[in-house]
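Letters A, B, ... are given to chains in the order of the sequence lines, protein chains preceding strands, and every chain is numbered from 1. This structure is a prediction, so every number in the text was calculated from the model and none was measured.
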Amino acid sequence: MEIPIDGGDSISESEGGDLDEDGFPWVSFSDEEAIDRTVGDDSERESFASEFYRSGTEWSCLIDSKEKKLVQADLFRMWGFKRPSQVQEGSSSRVSSKKMRRSDGGDRSIGPAKKGSVGGNNRPRICPFYKKIPGTSFTVDAFRYGRIDGCLAYFLTHFHGDHYGGLNKGWSHGPIYCTPLTARLVKMCLSVNPQYICPLELNVEYIIEGIKVTMLEANHCPGAALIHFGLHDGQSYLHTGDFRACKQMQSYPILLNKRIDVLYLDTTYCNPKYKFPLREEVVNFVVKIARNSLENRPKTLIVVGAYSIGKEHVYLSISQELGVPIYTNASRRRILQSFGWHELSGKLSSDGHSTPLHVLPLPHLRHENLKQYLRTQGQSFTSVLAFRPTGWTFSESIGSQLDRIRPNSNGNVVIYGVPYSEHSSFTELREFVQFLKPKKIIPTVNVGNAAHRDQMQSYFRQWKLDAARKEGAHFYHPGPKFVTDRGLNGKIQNGSRKE
DNA sequence: GCGATCAGCT
DNA sequence: CACAGCTGATCGC
């Protein structure tokens, strides 16, 4: 129980008067850090409240139908403050009115970046509270904050940089729990000491620190998991990590007809302007275009853009449907091989000239780049057909009508942006939430902007009202009723104001 | 020089 | 705008 000087989270326990004007505990820092602080107003005191607000949960709870408002005491309880049973744990910081450094939360979604410190800036960051699971000693996707005070188990939902950031071969802060596939990637790509890596099979209940933990397929990228926590007191939480909600999730036994008290929700596309088709439809579309292209011009090079992991179905389907292998560079091949995904591994080729299907890093899919790439391929190919699979090829006019997608052409290079998303669309989110009926929702994405938070909260509230009304209508008024979903959706504002 | 991280970019 | 990176700059070691 030593004083955290390594950048660990140091939100203090708050007994007595160490509260800010809003009645929240102060975020405290060591003297050293306060002195190191060169930016910012001396008199500007950053409180836990401002961190709390910035992180976007003050309204992010489904409000009871009885309009019961959230009171401060609920918040304290919810986030583990003022819990007598926990008082002994590292309450290191007797906070006087020390200077409060702002915490940027480490995520770009949390507030604007501070100027004045660049490059290898290693000042400690504070773990946002929504990455901590209350009532447990767990954090989720929180590796960039050094050792987190009181955290005994660090969960990783999936292997994307913005979630594992901070993990490296020097990691020694505690056990990392993730799916076996993610575990292999953490070991292979980040050289994390294997003694810290704890793989958890999907759909198996484990007891960790006395808490029931179950990993569930998240329908995001390979290895991605939803994490279900069953607490001693019967509370149960679901953390979605990043996920794409789908019908199949409604048959997960641990979710079916079970109460979820808190849902930590991937709200990446929590706005009705985000509509996209099922991934199968997009894949069929891509395959169709690719086939036509190859038939009309046999010397077409088909390029699919992808980040480290994810989007595999796009190029695997082309490979399977057109009967061509997949070329990609050695580093990606190594990663794809590690999936243990037999159909995929069997299609990989190390010879770019032997197949018209190449996978390249997504940022490379630009006309100039692709022209140059074509030149490096000798005379095997004379034109390029490229696909950028990304969720934010949104365009409301296109909606789910794939045929209306127009490619960008430049000479012999054609680039299609296709709405292949590995996050839930707005309607998928709504259906999932209305299925799960969580008591509270904590958004984990787009929480850095107050307008976005309010917007999301109003959607949550509307979903709940709609669901309740539907049940009521069904009970009292059998037969078709006002089943319009145009309720709040009309008033979308462009809330992209900077704070 | 190497690894890690940040702003800026897409 | 968002994704989930990448690039180049800049720090500590």
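The nucleotide whose nearest atom lies closest to any side-chain atom of A:Thr390 is, among C:dA4, C:dA2, C:dC3, C:dC3. Listed candidates were B:dG3, C:dC1, C:dG5. Nearest to the side chain of A:Lys273 is C:dC1. Side-chain proximity of A:Asn168 to B:dA4, C:dG5, C:dA2: nearest is B:dA4. Between C:dC6, C:dC1, C:dA2, one nucleotide has an atom nearer to the side chain of A:Asn446 than all others, and that is C:dA2.
Position along DNA chain C of the nearest nucleotide to A:His364 versus A:His423 favours A:His423 as the more 5'-ward residue.
In this structure, A:Arg366 places its CZ atom 10 Å from C1' of C:dT7, rounding to the nearest Å. Protein atom CD1 of A:Ile335 is 12 Å distant from nucleotide atom C1' of C:dG5, rounded to whole Å. Residue A:Leu362 contributes atom CG, which lies 10 Å from atom P of C:dG5 at whole-angstrom precision. With rounding to whole Å, A:Tyr145 atom OH is found 14 Å from B:dT5 atom C1'. For A:Glu422 and C:dA2, the CD to C1' distance is 15 Å, given to the nearest whole Å. Between A:Arg388 atom CZ and B:dT10 atom P there is a gap of 11 Å when expressed in whole angstrom units. Put simply, CH2 on A:Trp171 is 17 Å from C1' on B:dG3, counting in whole angstrom units. Look at NE2 on A:His452: it is 10 Å from P on C:dC1, rounded to the nearest Å.
Aromatic rings from A:Phe229 and A:Phe155 are positioned such that their centres are separated by under 6.0 Å. Checked against a 6.0 Å centroid threshold, the rings of A:Phe276 and A:Tyr269 count as neighbours.
Within the 4.0 Å cut-off from OP1 or OP2 of C:dC3, not a single side-chain nitrogen or oxygen of A:His163 is found. The side chain of A:Arg144 contributes an N or O atom lying less than 4.0 Å from OP1 or OP2 of B:dC6.
Sorted by first and then second residue, the pairs that involve residues 412-423 of chain A and meet salt bridge (Lys or Arg N to Asp or Glu O under 4.0 Å), not counting sequence neighbours, are A:Arg279-A:Glu422. Applying the side chain to side chain donor-acceptor pair (under 3.5 Å) rule to pairs touching residues 355-369 of chain A yields A:His358-A:Tyr373, sequence neighbours excluded.
Across all strands shown, A:Ser308 has heavy atoms under 4.0 Å from sugar-phosphate atoms exclusively, and none from any base. Contact annotation for A:His158: no contact, since no heavy-atom pair falls under 4.0 Å across all strands.
Under 3.5 Å, the side chains of A:His160 and A:Asp242 contain no donor-acceptor pair of N or O atoms.
Legend: residues meeting side chain to side chain donor-acceptor pair (under 3.5 Å) with A:Gln250, ordered by chain and number and at least two apart, are A:Glu431. Checked against side chain to side chain donor-acceptor pair (under 3.5 Å), A:Ser421 has no partners two or more places apart in sequence or in another chain. Under the rule for a ring pair (Phe, Tyr, Trp, His ring centres under 6.0 Å), the partners of A:Tyr416 that lie at least two apart in sequence or sit in another chain are A:Phe387.
A:Lys311 contributes no side-chain N or O that forms a donor-acceptor pair with the base of C:dC3 under 3.5 Å.
The stretch residues 183-196 of chain A has no heavy atom under 4.0 Å from DNA chain C, so no residue of it qualifies as close.
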